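Worksheet: one structure, shown below.
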Amino acid sequence: MNIFSLIGLIISGVVLFVGLRLSSPDLQIFLDGPSLFIVLGGTFAATSVAFQLNKIGSLFKIFFTQFLKGKTVDPTIVIKDVMKICEAYRNGESLEELVNKAQDPFLKEAMELISDGILETDKAIQILEQRAVKMGALRNDDTKKIKALGKFPPAFGMMGTTIGMIVLLANLGGADAMKKIGPAMGVCLITTLYGVIVANLVVIPIAENLDEISKQMDTKDEIVLEGIKHIISKSNPILVAEELNSFLVPKERLDWKNATA
C-alpha cells in the first residue's frame, strides 16, 4: 500500500475539518444535499461523456491499483539486482537460474525473454524498449484522465452557485425576502466550496501523485533496459553501478561500496 499517499489524504481531510471547525462551531451550515448532488452528480455525468460510461470503472481501478496499492519506486533495488545478476552470470550461472533473483517485474520479464534464446539479442532489446515506451504511454494516459477529471467539480460548483443565485433573485419580491438573503447566499456558495474541495483536496493531488509515480517508473524502466544490456555483456558490477547511477540524482544513487560490502 502507498502509505504516504494515504497519509497525505488523511492530512487533507484533517486540515479541511479543522478549517471548517475554526470558521464556525456549527458544521451543519456546511452541509447541503442539493449542492453535493450537483457537484458529484455533475462530475459523474461529465466524466461519463468524456470517457464513456463503460470505462468509468477504469478510473476507480487507477485510483485503487496505482494510488492506494501502488508502492514507492526504488531504482536502487533494481541496480542492486542487476549487479548481483551480473556477478553471478560472470561466475558461470545460467540466465535461467538467475531469473528468479530479479525482484522487479520488468527486469524479470526481460531476463526471461533473453534466456529463452528464441530471439536474437538485438531484437529482444528492441521489443523490450517498445514495451517500456508503451507502458509509459499507458501510465501517462491514466494520469491525464485523472487530471481531466479535476476540471469538472469546480465547474459544477459554479453552476450550482449560479442556480442558487437565480432562485434567490427570483424570490426577492416575496415576504421577508431580506431575512432570507443571508442564508440563501450561504447555500449558493456551499456548492462552490464542494467543487473546490473535491478538485483541490482529492482529484488534482491524486493526479499529481500519479504523474510523479509515472516519472519514477519511466526512470526505473530505463535502468532495467540499460541493466539487461550489462547482464548480457557480463559487465563488471562496479561498472554497472556507476553507469546505472547516472539515471539518478546524486542523493538517490546507490552507494555500491556499502552495497557490495
Side-chain angles (χ1 to χ4, degrees), residues 1-51 53 56-70 72 142-213:
M1 176 175 286
N2 194 341
I3 187 66
F4 295 108
S5 297
L6 186 59
I7 290 174
L9 274 182
I10 294 173
I11 291 174
S12 298
V14 171
V15 169
L16 174 63
F17 175 80
V18 173
L20 295 178
R21 191 70 177 80
L22 292 175
S23 300
S24 173
D26 183 14
L27 295 181
Q28 291 290 333
I29 65 173
F30 298 107
L31 301 177
D32 186 67
S35 298
L36 190 63
F37 175 78
I38 290 173
V39 173
L40 297 183
T43 298
F44 178 80
T47 305
S48 301
V49 174
F51 303 116
L53 184 60
I56 295 297
S58 65
L59 296 179
F60 292 100
K61 185 178 179 181
I62 292 169
F63 174 75
F64 285 107
T65 60
Q66 296 190 33
F67 181 75
L68 288 182
K69 293 186 177 180
T72 304
D142 290 342
T143 301
K144 288 179 181 178
K145 288 179 181 179
I146 302 297
K147 284 184 177 180
L149 186 63
K151 298 184 297 184
F152 300 139
F156 283 100
M158 286 301 300
M159 187 182 79
T161 298
T162 304
I163 292 172
M165 288 296 296
I166 292 172
V167 174
L168 172 64
L169 294 174
N171 290 287
L172 279 180
D176 297 326
M178 296 304 295
K179 294 181 180 179
K180 298 178 181 178
I181 289 179
M185 280 294 295
V187 172
C188 290
L189 294 176
I190 285 175
T191 317
T192 300
L193 175 65
Y194 287 168
V196 171
I197 289 172
V198 173
N200 293 283
L201 284 184
V202 181
V203 180
I204 294 178
I206 288 175
E208 293 297 332
N209 182 281
L210 293 177
D211 188 40
E212 182 63 26
I213 292 175

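These figures come from a predicted structure and were not determined experimentally.
Taking all atoms of both residues into account, the shortest heavy-atom contact from Val198 to Pro153 is CG1-CG, 3.7 Å. Gly150 approaches Ala199 most closely through the heavy-atom pair O-CB, 3.6 Å. Summarising the geometry of Lys147 relative to Asp211, their closest heavy-atom pair is NZ-OD2, 3.9 Å, with the distance given to 0.1 Å. Between Thr161 and Leu189, the closest heavy-atom pair is OG1-CA, 4.3 Å.
In this structure, CZ in Arg21 is found 13.5 Å from CG in Leu16, a value given to the nearest 0.5 Å. Taken from CG in Leu201 to CD1 in Ile11, the straight-line distance is 12.0 Å, to the nearest 0.5 Å. Here the CG atom belonging to Leu149 is positioned 10.0 Å from the NZ atom belonging to Lys151, to the nearest 0.5 angstrom. For the atom pair NZ (Lys145) and CG (Leu210), the distance works out to 12.5 Å, reported to the nearest 0.5 Å. Between atom OG1 of residue Thr47 and atom CD1 of residue Ile146 there is a gap of 9.0 Å, rounded to the nearest 0.5 Å.
When side chains are defined from C-beta on, Phe44 does not count as touching Leu40, because their heavy atoms never get closer than 4.5 Å. Between Val203 and Ile206 the shortest side-chain heavy-atom distance does not fall below 4.5 Å. Thr192 is listed as a side-chain neighbour of Met158, based on a closest heavy-atom distance under 4.5 Å.
The main-chain N or O of Val196 is found under 3.5 Å from a side-chain atom of Asn200 such that the two form a donor-acceptor pair.
Residues that satisfy the side-chain contact (heavy atoms from CB on, under 4.5 Å) test with Leu22, not counting sequence neighbours, are Val18. Every residue was checked against the side-chain hydrogen bond (donor to acceptor under 3.5 Å, both in side chains) condition with Thr43, not counting sequence neighbours, and none meets it.
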Run the side-chain donor-acceptor check on residues 30-38: report pairs under 3.5 Å with partners two or more places apart or on a different chain.
unit_1	atom_1	unit_2	atom_2	d
Asp32	OD2	Ser35	N	3.1
Asp32	OD2	Ser35	OG	2.5
Ser35	OG	Thr191	OG1	2.9

